[in-house]
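Below, chain A is the first sequence line, B the second, and so on; all start at residue 1. All values reported here derive from a predicted model rather than from experimental measurement. Because only heavy atoms are used, hydrogens play no part in the values below, and waters and symmetry mates are left out as well, while side chains stay in.
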Amino acid sequence: MTPRRVLQAMHIYLHKTRIYHFPQNGLPAALLKISCLRFCTAIQNDPTKSTKRPENRILLNNLSFLGVDIKMARKRQPGVLRRETTNEKGLVQFLRNKGADHKTIASIISRYPRAITRSICHLEERWQLWRNIFKVDSDIIKIVERSPESYFRSSDNENLEKNINFLCSLGLTAKDLHRMFTTAPRTFSNSLELNKQMVEFLQELCVCLGGDDPNDFVKRIITKNVYILIRSTKRVKSNIEFLKESLKLTNDTILKLLQGQGADLLDLSNHYITVNFNNAAKKLRLLDCTDEEIRKFFTTYPPGLYVSSDNLSNKIDCLLEDTICIEQILKSPRVLECSVATLKSRLNKLAKVRYNFEDQGISILEYSRKRFEAKLEKLNEEL
DNA sequence: TACACCGGGGTCTGCCATGGCT
DNA sequence: AGCCATGGCAGACCCCGGTGTA
């Protein structure tokens, strides 16, 4: 390449990557430097005319030395091991500077080998974007260690920045964003377009259901269910259809449900939610509940559809084995939020103080641990 | 003061398929 | 043809405590 060609190519690159549109006064020297480095990385990593190359021996040696599980890496992204140019040394240095230890770094590369193809500039830029959300490096390291793919899968930092701006524009607070980055980091590797699609779908849904504030509706759903943006609209759509039909809900009820306890239901696979509903309904019918009572049960207690039907059935049986009847469970379904183990242990303890569920109700079972222990102590004193 | 009611909080990746690019 | 980026899927709760009210 002649110097003139290089300059031309770089010109095109800067336009293509929209670096010229950076919203600052002109292009700062540091940024220009980053752009040049990115350009160099881009042309170095150009896989043009790649035929199936053999694995890069030097790279394999480097990775082995770092303690990377080569077998795992090969299984996950074999193409990376054949690359001539990689940046494993830069990545290691970078992560080490951020506080990651050897073992963590090896595990990250083993699980998401493509991480070693990211340039230092890319890594630094992405980190800075994350640092706008997190106070300390160690918080980010924890997430990268937990889910290297979520962090490294996208090479598009600009898209990440746009996603952050987009979610802010929906009225989500810094705290909401922090929670999303922590819990569902994949959201920020989604294309902006995909995230917009889900938001628009939810806004339209709100309008269809007769809601008068689509923006607030979306905000509420996202804060109630931070995973919503990593689900497909297809899944969310079919779950809403299912809820509408099987629970025979009015538009108003479904609006309330989705903004409250029912938001989590949108995560489930349509098959799972259907099987769960059918099995649980069967169980309740055997206990002489009417269809109307069953629908009311799930409407007032949507988590009943989230928990596996076996687990739900075990909890009900556990309560019925005591002196509790199904009517009481239908009246206070939240007792089913306790694990079977907690229920059993509480039922035992209450039997010892001769607690009468018929007179005193069953809501004592859903107390927090602290409150339950305090209440139990009192009951013991009264004996 | 005790309790019912209810909202909030933690938590979630690793794999496969596919379309686009070079 | 091979690789990359990205979409989508399966998987499957439990606990705490604030607050209004009787």
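As judged by a 4.0 angstrom heavy-atom cut-off over every strand, A:Thr342 is placed among residues touching the sugar-phosphate backbone only. Among the heavy atoms of the strands, none lies under 4.0 Å from A:Ile364. Residue-level contact check: A:Asn190 touches the backbone only, with heavy atoms under 4.0 Å from sugar-phosphate atoms and none from bases. Using a 4.0 Å heavy-atom cutoff across all strands shown, A:Lys331 reaches no nucleic acid atom at all. Nucleic acid contact for A:Ser191: sugar-phosphate only, since backbone atoms but no base atoms lie under 4.0 Å from a heavy atom of the residue.
With hydrogens and angles left out, the side chain of A:Glu337 and the base of C:dC14 share no donor-acceptor pair within 3.5 Å. Contact annotation: side chain of A:Arg114 to base of B:dG14, donor-acceptor pair absent below 3.5 Å. Within 3.5 Å, a donor on the side chain of A:Arg186 pairs with an acceptor on the base of B:dG14, or the reverse. At a cut-off of 3.5 angstrom, the base of C:dG18 holds at least one donor-acceptor pair with the side chain of A:Arg371.
Using P as the reference atom, C:dA12 and B:dG10 are 23 Å apart when rounded to the nearest Å. Taking atom P in both C:dG11 and B:dT11, the straight-line distance is 23 Å, to the nearest Å.
Taking atom CD on A:Gln77 and atom C1' on C:dT6, their separation rounds to 12 Å, with Å as the unit. When rounded to the nearest whole Å, the span between CZ of A:Arg126 and C1' of C:dA5 equals 12 Å. Atom pair A:Arg231:CZ and B:dT13:P shows a separation of 10 Å (rounding to whole Å applied). Straight-line distance from the CG atom of A:Leu365 to the P atom of C:dC15: 12 Å, rounded to whole Å. A:Lys196 places its NZ atom 14 Å from the P atom of C:dG7, with the value rounded to the nearest Å. Regarding A:Gln261, its CD atom lies at a distance of 16 Å from the P atom of C:dC13, rounded to whole Å. For the pair A:Leu59 CG and C:dC3 P, the computed distance is 13 Å after rounding to whole Å. Going from atom CZ of A:Arg76 over to atom P of B:dT13 covers 13 Å, rounded to whole Å.
Between B:dC6, C:dG7, C:dG17, one nucleotide has an atom nearer to the side chain of A:Glu366 than all others, and that is B:dC6. Residue A:Lys224 has its side chain nearest to B:dG8 when only B:dC6, B:dG8, B:dA4 are considered. Listed nucleotides: C:dC3, B:dC6, C:dC9. Nearest to the side chain of A:Arg235: C:dC9. In the set C:dA12, C:dC9, B:dT13, B:dT13 carries the atom at the smallest distance from any side-chain atom of A:Pro185.
With A:Phe372 as the aromatic partner, A:Lys370 does not meet the cation-pi criteria of under 6.0 angstrom to the ring centre and within 45 degrees of the ring axis.
Near DNA chain C, defined here as any heavy-atom distance below 4.0 Å, the residues from residues 300-316 of chain A are A:Val307, A:Ser308, A:Asn311, A:Lys315, listed numerically. Near DNA chain C, defined here as any heavy-atom distance below 4.0 Å, the residues from residues 128-156 of chain A are A:Arg153, A:Ser154, A:Ser155, listed numerically.
The side chain of A:Arg118 places an N or O atom within less than 4.0 Å of a non-bridging phosphate oxygen (OP1 or OP2) of C:dA5. Using a 4.0 Å cut-off, no side-chain N or O of A:Arg334 falls inside it from OP1 or OP2 of B:dC5. Residue A:Lys370 has no polar side-chain atom (N or O) positioned under 4.0 Å from OP1 or OP2 of C:dC16. Applying the 4.0 Å criterion to OP1 and OP2 of B:dA4, one finds that A:Ser363 has a side-chain N or O inside that range. In terms of phosphate contacts, A:Lys175 brings a side-chain nitrogen or oxygen within less than 4.0 Å of OP1 or OP2 of B:dG9. The phosphate of C:dC9 has OP1 or OP2 within less than 4.0 Å of a side-chain N or O from A:Lys234.
Checked for salt-bridge contact, A:Asp267 and A:Arg231 meet the test: a charged N lies under 4.0 Å from a carboxylate O. Taking the charged nitrogens against the carboxylate oxygens, A:Arg131 and A:Asp137 do have a contact shorter than 4.0 Å, which makes a salt bridge. Salt bridge annotation for A:Asp176-A:Arg179: absent, with no cationic side-chain nitrogen under 4.0 angstrom from a carboxylate oxygen. Using a 4.0 Å cut-off between a side-chain N of Lys or Arg and a carboxylate O of Asp or Glu, A:Arg83 and A:Glu88 do not qualify as a salt bridge. Of the charged side-chain nitrogens involved, at least one lies within less than 4.0 Å of a carboxylate oxygen, so that A:Glu292 and A:Arg295 count as a salt-bridged pair. The pair A:Lys256-A:Asp252 meets the salt-bridge criterion, since a charged nitrogen lies less than 4.0 angstrom from a carboxylate oxygen.
Side chains of A:Arg346 and A:Thr342: no donor on one and acceptor on the other come within 3.5 Å. Donor-acceptor pairing under 3.5 Å is lacking for the side chains of A:Asn56 and A:Glu84. Side-chain atoms of A:Asp156 and A:Asn159 form no donor-acceptor pair, as typed in the model, at a separation below 3.5 Å.
Around CD of A:Glu377, the count of heavy atoms belonging to other residues, nucleotides or ligands within 6.0 Å does not exceed 12.
Aromatic rings from A:Phe188 and A:Trp130 are positioned such that their centres are separated by 6.0 Å or more.
Counting only Watson-Crick or G-U wobble pairs whose defining distances are both under 3.5 Å, the stems of 3 or more consecutive pairs in DNA chain C are B:1-10 with C:13-22, B:13-22 with C:1-10.
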Given ring-ring contact (aromatic ring centres under 6.0 Å, His included), test A:Phe277 with A:Phe242 step by step and report yes or no. CA-CA 10 Å; A:Phe277 176 75; A:Phe242 169 83; 5.7 Å; yes

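Inter-residue side-chain proximity for A:Arg146 and A:Lys142 is flagged as unmet; no heavy-atom pair is nearer than 4.5 Å.
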